[in-house]
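Taking it in order: structure first as structure tokens, then the write-up.
Each chain gets a letter, A, B and so on, in the order the sequences are listed, and its residues count up from 1.
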2 protein chains.
Amino acid sequence: MAAERKGGVTISQVAKEAGVARSSVSRAYTRPDMLSPETVERIKAAAGRLGYVPNHTARALSTGRYGNLALIVPDVANPFFPPMIRAAQVEADRSDFCVFLGNSDEDPEKEDQLLGRFSGQVEGIILASPRLSDERIAAHALLRPLVLINRDVKGIPKVLIDSGTGIAEATQHLADFRHRNIVYVSGPSTSWSNKQRRAAVRQASKKLGLDLSFVSASVPSFEAGLQAVDAILAKGATAAIAFDDVTAQGILAGLGERGVSVPGEFSVVGCDDALGPLTVPSLTTVSSRSIEAGKLAVSLLLEVLGSQAVRDASYVLETHLIVRSTTGPAPERGQG
Amino acid sequence: MAAERKGGVTISQVAKEAGVARSSVSRAYTRPDMLSPETVERIKAAAGRLGYVPNHTARALSTGRYGNLALIVPDVANPFFPPMIRAAQVEADRSDFCVFLGNSDEDPEKEDQLLGRFSGQVEGIILASPRLSDERIAAHALLRPLVLINRDVKGIPKVLIDSGTGIAEATQHLADFRHRNIVYVSGPSTSWSNKQRRAAVRQASKKLGLDLSFVSASVPSFEAGLQAVDAILAKGATAAIAFDDVTAQGILAGLGERGVSVPGEFSVVGCDDALGPLTVPSLTTVSSRSIEAGKLAVSLLLEVLGSQAVRDASYVLETHLIVRSTTGPAPERGQG
DNA sequence: CTGTTAGCGCATTCAT
DNA sequence: ATGAATGCGCTAACAG
């Protein structure tokens, strides 16, 4: 029985056991083709006997290739991210990379810290829906290859989910249902997606001649949605488009509490399709493509790592409205 | 402008710039108290000028302390885990540890691979709801400090969420509502929690004289729950206790599709309280305490890392029934 | 207090 | 095809 519990078996021990030089053991793992098949086999056998496992850290120090990357998200518990995280991991795994997960808690400072903390031990970083300033992001991008998801900073590779197209469809959808007065419940002010969505509703509303108001739910959460309901109702609107599904769900709950029926008296549209058809009534929302975004971000990052060439690449994923059951005709009004 | 993009500034360069030995630079960061305040300041200044950042990897190689740990879960997208993940990160962060997140996709082999892949670069590993065999787990525990969540393997520190107490309460609750024929929709066969829950319903049912059947939904998912509905109904039961909330939600949806009203005609109980009151009708479930589990697991692991002493520590978190709106009196039957 | 000297485990020249 | 030597960047005795 080998396996010294701590420290682990080293290349030297294997070398001795196999009766070869340390470099040969190293080569047996990294460039087997440089060795005679028998030697490789002998080494592998010795290694197996001793329970040798290459030390990732030592290798990283020597080669500069860490073999891992980091993914930082604002909130793991937000259902928008898990599928993305999962997709990123799967994709990273395909190229034998490990991924660090960072949770910034929607806090720019925390995000900055994580960035610093990770950058020392990963080859590249993916920043999803960052809340950090452009300047800080650019600064970090100078130190490590960085890929952004849902954020547009000049000179930095990114994957953008264009929720604008879907939001425009949603606005049209509401107009078709004769809603004249709608409200957009906005998310984090530092969120690129929020700016984009907000702009999209605004533009579409203008074009369609709708009356648009804004209510803010600074942090995207069930709670925030719940608390936004009074403000929404006060605007006299008959429909709301929420920054995301979670917020929309909170709005739905708040509406329920106040006895406002959906979609009978009020229509709600979410965004991101993070909840699937799981809600009741099932939520009309905008598709998210977060899985593709996660996958793409990783392959883009890997590409950047491979060739120093890739500089300012952007992928844009379009979205569409998914009509389910929280939208319907505007209620009849007592006054014309 | 310093900051050479790649490679980074090293301790030697700082040493030269500051006119001191390399070891002093090292000490300035790890043991400033060993140096005169002025020297420290001079070094920090030089470092700042050059944009020096300590290389985590090199430090790890030299000290054996990686400063990170791994957390492996079966499915990031399962709402039971994100809060746990988040809690673990927060707790790890308090001690300045980074955490690798692994997603096994409910696959024992994948889990095994991740374990191997991570163990080279972390000081300890937390395995949440593992699907791996006891043997393999024990084997890995030999190489790296390991802490289990929701799995009981002799000799390995663990945090157990005792859903048994809550499940027993749930069964009692159904019996109080005069349900006589219930079914337990089981989860992964390799899941400790599933075994525990299954045993708990069985025991409680026996004690209460209930008629109990089993339906299997091997993987805990909305889909699996949906597909289990026919089998559930075929058992002639009037209530179901599901392995977890996600499965319960699927069951709810399936029941809806078939026009079976809840809780009018059928009662459903979930487990883990992963969805909160977000479902409609809001789900009667068993509390999970996953946040505490994540936090505890990390502090336990850190404790193990600190003193080689801690060996077989176990924390057990009890759970309770949370009554919401998916349970009600058993429907009247046409035949006695 | 601070400089000198050795490694940590591995990859990689350069020889042979 | 293989061995010997050197260094990645840092920490940790060991001396002064």
Side-chain angles (χ1 to χ4, degrees), chain A residues 2-4 6-44 46-47 50-68 119-123 143, chain B residues 2-4 6-44 46-47 50-68 96 119-123 143-144:
Chain A
E4 286 285 322
K6 273 294 177 192
V9 182
T10 81
I11 213 177
S12 306
Q13 307 180 34
V14 178
K16 188 186 296 175
E17 172 82 11
V20 298
R22 292 173 11 218
S23 45
S24 293
V25 179
S26 172
R27 288 194 265 256
Y29 285 86
T30 54
R31 333 207 35 153
D33 50 297
M34 286 183 67
L35 264 36
S36 83
E38 306 118 34
T39 328
V40 174
E41 185 157 357
R42 190 148 43 94
I43 293 176
K44 295 270 186 179
L50 265 40
Y52 167 75
V53 173
N55 183 317
H56 193 95
T57 304
R59 179 178 297 182
L61 181 58
S62 176
T63 60
R65 286 191 298 277
Y66 296 81
N68 31 65
S119 93
Q121 37 193 336
V122 302
E123 287 180 52
L143 304 173
Chain B
E4 287 286 322
K6 272 295 178 192
V9 183
T10 81
I11 211 176
S12 305
Q13 306 180 36
V14 178
K16 189 187 295 176
E17 171 83 10
V20 298
R22 304 199 330 250
S23 46
S24 293
V25 179
S26 173
R27 285 178 190 126
Y29 285 87
T30 54
R31 333 205 36 143
D33 51 296
M34 286 183 67
L35 264 36
S36 83
E38 305 119 34
T39 327
V40 174
E41 186 157 356
R42 190 148 42 94
I43 293 176
K44 294 269 187 179
L50 265 40
Y52 168 75
V53 173
N55 182 317
H56 191 96
T57 304
R59 180 179 295 182
L61 181 58
S62 174
T63 60
R65 286 192 298 275
Y66 297 81
N68 35 62
D96 225 44
S119 93
Q121 37 193 336
V122 303
E123 286 179 53
L143 303 173
R144 286 286 159 203

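- If you measure from atom CG of N55(A) to atom C1' of dG9(C), you get 6 Å, rounded to the nearest angstrom.
- Taking each heavy atom of A46(B) and A18(B) in turn, the nearest pair found is CB-CB, 3.7 Å.
- Here OG1 of T10(B) is found 7.5 Å from OH of Y52(B). Values are rounded to the nearest 0.5 Å.
- Comparing dC10(C), dT12(C), dC10(D) by their closest approach to the side chain of R65(A) singles out dT12(C).
- Rounding to whole angstrom units, OH of residue Y52(B) and P of dG9(D) are separated by 10 Å.
- Annotation: of the two residues near DNA chain C, A21(B) and A58(B), the 5′-most nearest-nucleotide partner is A21(B).
- Residue T63(B) places its side chain closer to dA12(D) than to any other of dA4(D), dA12(D), dA11(C).
- Nearest-nucleotide positions on DNA chain C place G19(B) closer to the 5' end than the other of S62(B) and G19(B).
- Residues E17(B) and V14(B) form no side-chain contact, since every pair of their non-hydrogen atoms from C-beta on lies 4.5 Å or further apart.
- With rounding to whole Å, R42(B) atom CZ is found 8 Å from dT2(C) atom P.
- Going from atom CD1 of I43(A) over to atom P of dA1(D) covers 13 Å, rounded to whole Å.
- For the pair L61(B) CG and dA6(C) C1', the interatomic distance rounds to 13 Å; values are reported in whole Å.
- Listed for the R22(A) side chain is no donor-acceptor partner under 3.5 Å among the backbone atoms of S12(A).
- Residue Q13(B) contributes atom CD, which lies 9 Å from atom P of dC10(D) at whole-angstrom precision.
- Using a 4.5 Å heavy-atom threshold, the side chains of R27(A) and T39(A) count as separate.
- Applying a 4.0 Å cut-off to non-hydrogen atoms, the residues of residues 22-30 of chain A that approach DNA chain C are R22(A), S23(A), S26(A), R27(A), T30(A), listed by residue number.
- Taken from CG in N68(B) to OG1 in T57(A), the straight-line distance is 8.0 Å, to the nearest 0.5 Å.
- When every heavy atom of G19(A) is checked against every heavy atom of R42(A), the shortest pair comes out as O-NH1, 4.3 Å.
- Using a 4.5 Å cut-off on side-chain heavy atoms (C-beta onward), L35(A) and I43(A) make contact.
- As rounded to whole Å, 12 Å separates atom P of dC10(C) from atom NE2 of H56(A).
- Taking the centre and axis of the six-membered ring of Y29(A), the NZ or CZ atom of K44(A) falls inside the cone set by 45° and 6.0 Å.
- For the segment residues 31-39 of chain A, the set of residues with a heavy atom within less than 4.0 Å of an atom of DNA chain D comprises M34(A), L35(A), S36(A), T39(A), in numerical order.
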